[in-house]
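A short worksheet on the structure shown next.
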Amino acid sequence: MLFGKISRQFCGLKKLPRSRDSRYFWGWLNAVFNKVDHERIRDVGPDRAASEWLLRCGAVVRYHGQERWQKDYNHLPTGPLDKYKIQAIDATDSCIMSIGFDHMEGLQHVEKIRLCKCHYIEDDCLKRLSQLENLQKSMLEMEIISCGNITDKGIIALHHLRNLKYLFLSDLPGVKEKEKIVQAFKTSLPSLELKLDLK
């Protein structure tokens, strides 16, 4: 009798639409993939831990002195922890998000980052990236393409990357004040080659 009452109550509950359930699940899973494990960073070093994070989220990395991109999580290189230093990151179609950016704290050799179709990248991600002292020194090139949550505020924050030589911005509907961005970078980074493909 008690079971019958409970089952009728469950049957009477209105279910969420399937697409909403799916969206919550993928959002939760992506958050799990981005979770920072500080103990792991201590154990294997920042480059290995960041490589694991990036590949787990669908990005690829290239190590200093190597031509090929590392795409397969299961084939991450082994050996001395200080041998493989991340030089470039291509996060095209990846699920990296702000909670994972602490993985980048100890990276000292990253020269290029490409963020393309990164649906979870927001202004806070770019602010966090530009505040990392090591990246302020090492970053030379950056491309941000089709990241719909980025606004002028996030782009302007990149002026802290003091050695940035090339910045390409394309298909960013949240970026509204192109002239303000151009002027800000002319003032803060006069040697920057800024390419805009914005509407």
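We're numbering straight along the sequence, starting at 1. Predicted model, so just to flag it, every value in this text is computed and none were measured. Any value given below was found using the heavy atoms of this structure, including those in side chains, with hydrogens, waters and symmetry copies removed.
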Heavy-atom pair of closest approach, residues Leu189 and Arg162
CD2-O, 3.5 Å
Could you see if Leu192 belongs to whatever hydrophobic cluster contains Leu172? Use Ile, Leu, Val, Met, Phe, Trp, Tyr and a side-chain cutoff under 4.5 Å.
yes
Closest non-hydrogen atom pair, Ser130 against Gln136
O-NE2, 2.8 Å
List the steps, then state whether side-chain contact (heavy atoms from CB on, under 4.5 Å) holds for Val175 with Thr151.
CA-CA 5 Å; Val175 175; Thr151 69; 5.6 Å; no
Could you walk me through whether Glu143 and Lys195 pass salt bridge (charged side-chain N to carboxylate O under 4.0 Å, His left out), step by step?
CA-CA 9 Å; Glu143 297 178 0; Lys195 289 198 172 181; over 6 Å; no
Could you check whether any side-chain N or O of Asp197 sits under 3.5 Å from a backbone N or O of Ser170, counting only pairs where one atom can act as donor and the other as acceptor?
no
Hey, could you give me the CG/CZ distance between Asp90 and Arg114, rounded to the nearest 0.5 Å?
5.5 Å
Under a 4.5 Å side-chain heavy-atom rule over Ile, Leu, Val, Met, Phe, Trp and Tyr, are Tyr73 and Leu54 clustered together?
yes
Looking at Arg128 and Asp102, is any side-chain nitrogen of the basic one under 4.0 Å from a carboxylate oxygen of the acidic one?
yes
Is the backbone of Arg68 close enough, under 3.5 Å, to the side chain of Lys71 for a donor and an acceptor to pair up by distance?
no
So, the side chain of Asn163 versus the backbone of Met139: is there a donor-acceptor pair under 3.5 Å, distance only?
no
Count I, L, V, M, F, W, Y as connected when their side-chain heavy atoms are under 4.5 Å apart, and connections chain through other members. Are Leu115 and Phe168 then in the same cluster?
no
Just verifying a value: how many Å separate Ile96 CD1 and Ile113 CD1, rounded to the nearest 0.5 Å?
8.0 Å
Apply the test salt bridge (charged side-chain N to carboxylate O under 4.0 Å, His left out) to residues Lys117 and Asp93: give CA-CA distance (whole Å), side-chain angles for both, the deciding distance (0.1 Å), then the verdict.
CA-CA 5 Å; Lys117 298 178 186 171; Asp93 288 318; 5.0 Å; no
Donor-acceptor pair, side chain of Asp152 and main chain of Glu177, under 3.5 angstrom
yes
NE2 of His160 to CG of Leu126: how many Å apart, nearest 0.5 Å?
11.5 Å
Would you say Arg48's side chain and Pro77's backbone share a donor-acceptor pair under 3.5 angstrom?
yes
Step-by-step side-chain contact (heavy atoms from CB on, under 4.5 Å) determination, Glu122 to Met97:
CA-CA 8 Å; Glu122 302 168 331; Met97 58 178 63; over 6 Å; no
Measuring from atom CG of Asp72 to atom CG of Asn74, what distance do you get when rounded to the nearest 0.5 angstrom?
5.0 Å
Between the main-chain N or O of Gly154 and the side-chain N or O of Lys127, is there a donor-acceptor pair closer than 3.5 Å?
no
For Lys35 and Ile99, run side-chain contact (heavy atoms from CB on, under 4.5 Å): C-alpha distance rounded to whole Å, both residues' side-chain angles, the deciding distance at 0.1 Å, then the answer.
CA-CA 6 Å; Lys35 188 172 192 295; Ile99 60 172; 5.5 Å; no
Side chain to side chain, Met142 and Leu164, heavy atoms closer than 4.5 Å
yes
Sub-3.5 Å donor-acceptor pair from the side chain of Gln70 to the main-chain atoms of Tyr63, do we have one?
no
Same cluster for Leu169 and Tyr166 if Ile/Leu/Val/Met/Phe/Trp/Tyr side chains link at under 4.5 Å?
no
For Asn134 and His109, indicate whether the former's side chain and the latter's backbone hold a donor-acceptor pair under 3.5 Å.
no
Work out which heavy atom in Ser94 is nearest to a heavy atom in Gly58; give both atom names and the distance.
CB-C, 3.8 Å
Between Tyr120 and Asn34, does a side-chain contact (heavy atoms from CB on, under 4.5 Å) hold up when you go through it step by step?
CA-CA 11 Å; Tyr120 297 102; Asn34 278 274; over 6 Å; no
To check you understand the geometry: which heavy-atom pair defines the closest contact between Trp69 and Arg62, and what is its length?
CZ2-NH1, 3.2 Å
Would you mind reporting whether Phe101 and Asp124 have side-chain heavy atoms less than 4.5 Å apart?
no
In terms of hydrophobic clusters joined by side-chain contacts under 4.5 Å, are Val110 and Val60 together?
no
Residue pair Leu107 / Pro46: nearest heavy atoms and the distance that separates them:
CD2-O, 3.6 Å
I need the single residue from Asn149, Ile145, Ile144 that forms a side chain to side chain contact (heavy atoms under 4.5 Å, CB included) with Cys147. Which is it?
Ile144
When rounded to the nearest 0.5 angstrom, what distance separates CD in Gln66 from CD1 in Ile86?
11.5 Å
So, Lys85 and Asp47, do they make that salt bridge, N to O below 4.0 Å?
yes
Give me the ring orientation class for His103 and Trp53: parallel if the planes are under 30° apart, tilted from 30 to 60°, perpendicular past 60°.
parallel
On a heavy-atom basis, which atom in Leu161 and which in Leu129 lie closest, and how many Å separate them?
CD2-O, 4.1 Å
Nearest 0.5 Å please: distance from the SG atom of Cys116 over to the CD1 atom of Ile121.
11.5 Å
Is a donor on one side and an acceptor on the other found under 3.5 Å between the side chain of Ser98 and the backbone of Cys125?
no
